[in-house]
Amino acid sequence: MTLDTTFDPASIEARWYKHWEETGGFRPERPDAEPYTIVNPPPNVTGSLHIGHALDNTLQDIVIRYERMRGKDALWVVGTDHAGIATQMVVERQMEAAQDKRTNYSREDFVDKVWEWKATSGGTITTQLRRLGCSMDWSREQFTMDEHFTKAVLKTFVDLYNDGLIYRDKRLVNWDPKLKTAISDLEVETQTIAGSFWHFKYPLEDGVTLSDGRDYIEVATTRPETMLADMAVAVHPSDERYASVVGKHVVLPITGRRIPIVADEHADPELGSGAVKITPGHDFNDFEVGKRAGFVAGEMLNMLTSDANVCQTSDGLVPEEFLGLHRFKRDGKDGAREAVVARLKADRYLIPHIAKTKKGEEVEHDAEPRQIATPFGDRGGVVIEPWLTDQWYVDAEKLAAKPIEQVKDGTIEIVPQTWEKTFFNWMENIQPWCVSRQLWWGHRIPAWFGPKLHDGALEMSSGSEFSNKNFAPDPIVATTEEEAIQIANERYARYLPEGGTVRVHDTQTEAHKDLLPALWRDQDVLDTWFSSALWPFATLGWPNETDLVKKHFPNNLLISGFDILFFWDARMMMMGQYNMGTAPWPKLYLHGLVRAADGAKMSKSKGNVVDPLGLIDQYGADALRFFMAAMESQGRDIKMDEKRVEGYRNFATKLWNATRFCQSNGIGKSTTIKAPTARLAANQWIIGEVQQVCAEIEQAMADLRFDAAANAIYQFTWSKFCDWYLELIKPVFAGDPDAMPAVETREVAGWALDQILVMLHPFMPFITEELWHAQGTRKYDLITASWPSPRAEVSKEATDAIDWVIDLTTNVRSAKNELGIAPGAKLAAFLPAASDLASSTIGRSSAAIERLARLTPVTMGEAPDGPAMQVTAQATGGSDVFIVPLEGIIDIAEEKARLEKALTASQKEAKSLEGRLSNANFVERAKPEAVEKAKADFAHHSAEVGRLEGALKRLG
RNA sequence: GGGCGCAUAGCUCAGGGGUAGAGCACUGUAUUGACAUUGCAGGGGUCGGAAGUUCAAAUCUUCCUGUGCCCA
């Protein structure tokens with residue numbers, strides 16, 4: 001097949017991808033081969049390909065293509081994540097645009113709508129991954145809400161519950177009042193924002209005073225509205241200012257609530273007045289203080305609704321005027337915060353903040369301005385409210401124990417290793433994982449509730465929401481409703497008619513209307529990460545004992561961005577260990593972020609995102625992939641550099657043109673996997689170089705050094721194969737095409753080019769596949785070709801000869817350039833004292849010397865008297881000095897300048913080495929190799945100094 | 001405040017106890033057969049600063065400065 005004169009990536013990419021996918025190239029049947037498995041971090045079903053995906057998936061594709069070529073039964077599991085909150089938000093936004101809303105539908109109908117959305121608009125990213133060339137096993141594409149996946153999720157939940165590792169608890173949770181759901185610690189982003197610090201007087205109850213006589217305690221807060229639910233004031237136990245009032249009470253302004261003054265280490269005597277207000281129902285620290293002060297979670301006052309509007313506390317003390325206000329100013333409308341401050345100020349409970357103006361005048365402000373670390377929900381973007389609710393928690397601490405051990409003992413290797421510390425730091429301080437979400441889209445929690453049995457007696461409650469403080473129904477956790485009913489029937493047997501059975505209602509309210517004990521299902525769904533934690537085995541069919549699970553679990557490697565180390569990687573370790581009894585993979589590779597050209601994080605709001613598909617359109621997928629690989633050194637973020645992508649597009653073009661050159665000289669596909677036997681020096685040399693670069697790439701891949709692997713094949717292809725080998729063999733084709741040299745060279749060149757295509761294929765799959773087929777009719781596609789194993793013997797003499805010719809050529813060119821001699825000029829040269837290498841090389845490679853070094857004729861023997869330049873040729877096997885007469889060719893002064901420059905360099909080196917060698921300490925204490933090398937280098941440079949001085953003298 | 005990184009050529013980055021590397025950019029030069037998305041040649045760095053260890057430090061240690069991320 002003849003190649004077009006220009007390389008056009010777009011026209012070949014779509015064609016080859018389709019071909020690979022249709023012919024099963026991504027998952028060739030290799031039942032007896034050693035398995036190699038990776039699973040992709042499932043992108044959100046709502047997602048589209050961003051530059052981070054491009055990096056992550058390129059690296060994975062390089063690994064999987066490499067292992068596939070090495071003959072493994074390579075499986076790259078692909079799929080998408082149902083992304084609970086994100087997906088529900090997308091569909092809700094769509095409804096909003098149509099003046100519709102979720103609550104206009106039943107839960108079932110809404111979930112159906114989401115599925116409809118997925119069918120039509122979901123999974124954009126799967127098409128985009130194809131454009132990148134990713135060789136995933138699409139035939140088994142997974143979704144975290146697939147039926148078999150749900151089975152895995154349910155089993156895991158039920159097992160964890162039965163093992164006491166999942167429990168229901170009432171505690172403060174990170175509540176997103178916009179999305180109206182709990183979220184986990186990891187989904188909270190702390191940002192520092194400008195805020196205020198207000199100081200208030202809390203009056204002591206009748207007759208009580210501090211030791212200094214004051215009849216109030218000063219407290220300060222950044223969230224004044226919470227004072228409506230204050231339950232105590234805390235002072236440090238050692239704080240003498242307050243020792244006399246500990247155990248006494250204050251009477252809260254506004255609510256009139258009488259609350260105790262408690263001693264607690266949490267109060268910092270150095271901070272403000274040393275006394276802090278305690279709102280256990282709305283602050284994580286205060287919750288702990290409250291517990292220590294003897295309040296149980298169920299008694300803690302709650303003053304906010306799920307939207308974060310003020311509601312009545314259970315003691316009924318919040319004045320009417322505050323009820324219904326939002327927690328703070330919103331959409332320009334004052335909220336509870338502003339109202340509370342205004343009221344306290346009016347009632348003279350506000351202690352003003354005195355600030356000085358620039359002129360030194362004192363001015364009163366209501367509050368002191370402050371930077372406040374504020375928690376925001378990473379999805380909803382609003383301030384997170386600590387809220388007291390019943391939620392399901394996973395005992396992460398217990399599950400984390402084994403993974404910690406596995407990373408410590410090397411069962412799991414984290415690459416680069418620096419991440420281990422971060423991993424340990426988080427895992428060793430891990431908090432209970434809140435896994436319930438108040439959403440409709442997701443895996444519904446397999447729990448049913450029924451009336452509580454108190455000493456065997458039924459305790460019915462007045463129907464109320466799940467956040468009801470005083471009623472904790474007993475959960476029944478089961479894989480199916482039938483099982484739940486069965487358990488309930490036993491539990492409530494004495495309250496059921498003979499042979500009767502409990503009924504299951506949609507809601508708690510309906511269940512309470514039932515005259516008999518009845519169940520209602522938990523309304524909540526699981527955190528998305530709960531299901532994605534099962535990805536390494538649930539995608540293979542677990543809990544069924546499928547052949548895939550047996551063969552491909554544990555996986556071999558996981559590649560992910562470091563940003564999901566906790567969200568996903570660590571949780572896979574926990575769940576892998578729990579469900580499968582082993583680590584999900586022995587190696588975890590963490591890569592960095594792709595940043596904008598200026599080093600900033602890419603974000604839509606900054607408008608500095610680079611679209612990978614745009615780069616593919618412009619430079620081709622191969623160039624983008626190669627860029628990603630070449631820039632991926634361990635432990636550093638990648639800064640976007642389009643010029644570099646362009647450079648790799650040029651590299652692809654170079655290879656394209658090199659192949660065109662081969663074709664025009666009758667060089668086609670190779671017939672053998674092993675290197676052909678070769679007699680010509682250039683051919684032996686390139687075979688040796690192929691072996692070397694192959695070993696380099698293999699080492700780099702074993703170390704997961706993508707940059708080293710990419711650079712190795714780049715340098716080999718361009719600097720060795722194109723720049724030297726193709727130039728070296730050109731003279732051969734000027735001769736008889738049927739003679740041995742041409743026949744052998746066509747064979748070797750075809751083989752070497754094939755090896756390049758194979759070794760480059762994991763990095764640049766499209767162009768290599770195209771060229772692979774352009775080079776001849778093949779029995780198989782390159783994607784399933786074998787990785788090189790060039791175990792050929794090449795003679796040292798042959799490779800030395802080529803190294804010598806290359807050195808000679810470079811030196812001649814350099815000298816000509818400096819002397820202003822036309823590069824193409826052919827010069828006669830004399831070799832007075834030829835090394836053995838020189839003699840044999842001049843004999844067998846005269847054509848190369850003539851064509852590349854452009855020295856002709858070369859005469860063995862003394863040069864005639866007269867001005868001349870000296871050119872050296874060096875290789876391991878020999879070192880020679882050519883004399884090139886320059887009479888009438890150039891200005892002698894130029895040659896002198898050139899020699900002077902070289903002389904200065906050699907003198908400098910020689911002097912430095914001499915100094916080192918004359919240091920007794922060096923000679924005695926340095927490694928013998930270092931001393932030997934210094935001696936050899938010194939000898940070399942001394943000789944150079946002598947030679948150059950002589951040459952200068954001859955020029956006069 | 002705690003933890004983890006980074007600082008090497010104009011730019012983006014490798015490297016690493018024994019004469020400093022790549023790509024891009026730059027300079028000069030070349031255009032009758034693979035390739036100007038190119039060839040050839042070249043300039044450019046006291047490896048952030050200071051001290052220490054060592055025969056020898058860009059490399060190891062400590063401190064400092066700047067900068068980035070994560071956690072509180």
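Fair warning: this is a prediction, and the values are worked out from it, not measured in the lab. So you know, we letter chains A, B, ... as the sequences are listed, proteins then strands, and number each from 1.
- Taking the nucleotide of RNA chain B with the nearest heavy atom to each of Cys662(A) and Asn650(A), the more 5' of the two is matched to Cys662(A).
- As judged by a 4.0 angstrom heavy-atom cut-off over every strand, Asp723(A) is placed among residues touching the sugar-phosphate backbone only.
- Within 4.0 Å of Arg854(A), counting heavy atoms only, lies no atom of the nucleic acid at all.
- Remark: rU27(B) base-pairs with rA41(B); criterion is Watson-Crick or G-U wobble with both hydrogen-bond distances under 3.5 Å.
- Screening Leu760(A), Val645(A), Ile767(A) against Phe626(A) for a side chain to side chain contact (heavy atoms under 4.5 Å, CB included) leaves a single residue, Leu760(A).
- Taking only side-chain atoms of Arg813(A), from C-beta outward, the nucleotide of rA41(B), rA14(B), rG43(B) with the closest atom is rA41(B).
- Few gaps surround CD on Glu900(A); more than 12 heavy atoms of other groups in view lie less than 6.0 Å from it.
- With Asp937(A) as the partner, the side chain to side chain donor-acceptor pair (under 3.5 Å) test is satisfied by one option alone out of Lys935(A), His940(A), His941(A), Lys933(A): Lys933(A).
- Nearest nucleotide to the side chain of Leu726(A), out of rU37(B), rA34(B), rU19(B): rA34(B).
- Counting any heavy atom pair closer than 4.0 Å across all strands shown, Arg660(A) reaches sugar-phosphate atoms only and no base atom.
- Using N1 to N3 plus N6-O4 or O6-N4 for Watson-Crick, or N1-O2 and O6-N3 for G-U wobble, each under 3.5 Å, rG1(B) pairs with rC71(B).
- Met631(A) comes within 4.0 angstrom of the backbone, heavy atoms only, and of no base.
- Among the heavy atoms of the strands lying under 4.0 Å from Lys927(A) is at least one base atom, whether or not backbone atoms are also near.
- Checked against rG18(B), rG5(B), rA14(B), the side chain of Ala926(A) finds its nearest nucleotide in rG18(B).
- Looking only at atom types and distance, the side chain of Asn683(A) has a donor-acceptor partner in the side chain of Tyr725(A) under 3.5 Å away.
- The shortest distance between the side-chain N/O atoms of Lys816(A) and the OP1/OP2 oxygens of rC40(B) is not below 4.0 Å.
- As judged by a 4.0 angstrom heavy-atom cut-off over every strand, Glu727(A) is placed among the base-contacting residues.
- Ring pair Phe706(A)/Tyr589(A): centre-to-centre distance below 6.0 Å.
- Taking the side chain of Tyr714(A) as heavy atoms from C-beta on, and the options rA34(B), rG42(B), rG23(B), the nearest nucleotide is rG23(B).
- Nearest nucleotide to the side chain of Ser814(A), out of rG18(B), rG42(B), rA22(B): rG42(B).
- When both distances must be under 3.5 Å, the Watson-Crick or G-U wobble mate of rU65(B) is rA7(B).
- Contacts of Glu924(A) with the nucleic acid, taken as non-hydrogen atoms under 4.0 Å apart, are absent.
- Side-chain atoms of Lys421(A) and base atoms of rC4(B) include no donor and acceptor less than 3.5 Å apart.
- Taking the six-membered ring where the residue is Trp, Trp804(A) and Phe882(A) present tilted rings, their angle falling between 30° and 60°.
- Using a 4.0 Å heavy-atom criterion, one finds that Thr659(A) contacts no nucleic acid atom at all.
- Within 4.0 Å of Thr422(A), counting heavy atoms only, lies no atom of the nucleic acid at all.
- Between the side chain of Asn665(A) and the backbone N or O of Ile667(A) there is no donor-acceptor pair closer than 3.5 Å.
- Contacts of Asn919(A) with the nucleic acid, taken as non-hydrogen atoms under 4.0 Å apart, involve only primed sugar atoms and P, OP1 or OP2.
- Base pairing analysis places rA20(B) opposite nothing; no Watson-Crick or G-U wobble pair with both distances below 3.5 Å involves it.
- Here Cys722(A) lies in heavy-atom contact (under 4.0 Å) with a base.
- Among the protein residues, Lys654(A) comes within range of the nucleic acid bases, having at least one heavy atom under 4.0 Å from a base atom.
- Across all strands shown, rU53(B) remains unpaired; no Watson-Crick or G-U wobble contact has both distances below 3.5 Å.
- With the nearest nucleotide of RNA chain B identified for both Gly647(A) and Asp185(A), Gly647(A) has the one nearer the 5' end.
- With rA41(B), rA34(B), rA25(B) as the choices, the nucleotide that has an atom nearest any side-chain atom of Asn817(A) turns out to be rA41(B).
- Using a 4.0 Å heavy-atom criterion, one finds that Lys911(A) contacts no nucleic acid atom at all.
- Within the shown strands, nothing qualifies as a pairing partner of rC35(B) under the Watson-Crick or G-U definition with both distances less than 3.5 Å.
- Using a 4.0 Å heavy-atom cutoff across all strands shown, Ser633(A) reaches sugar-phosphate atoms only and no base atom.
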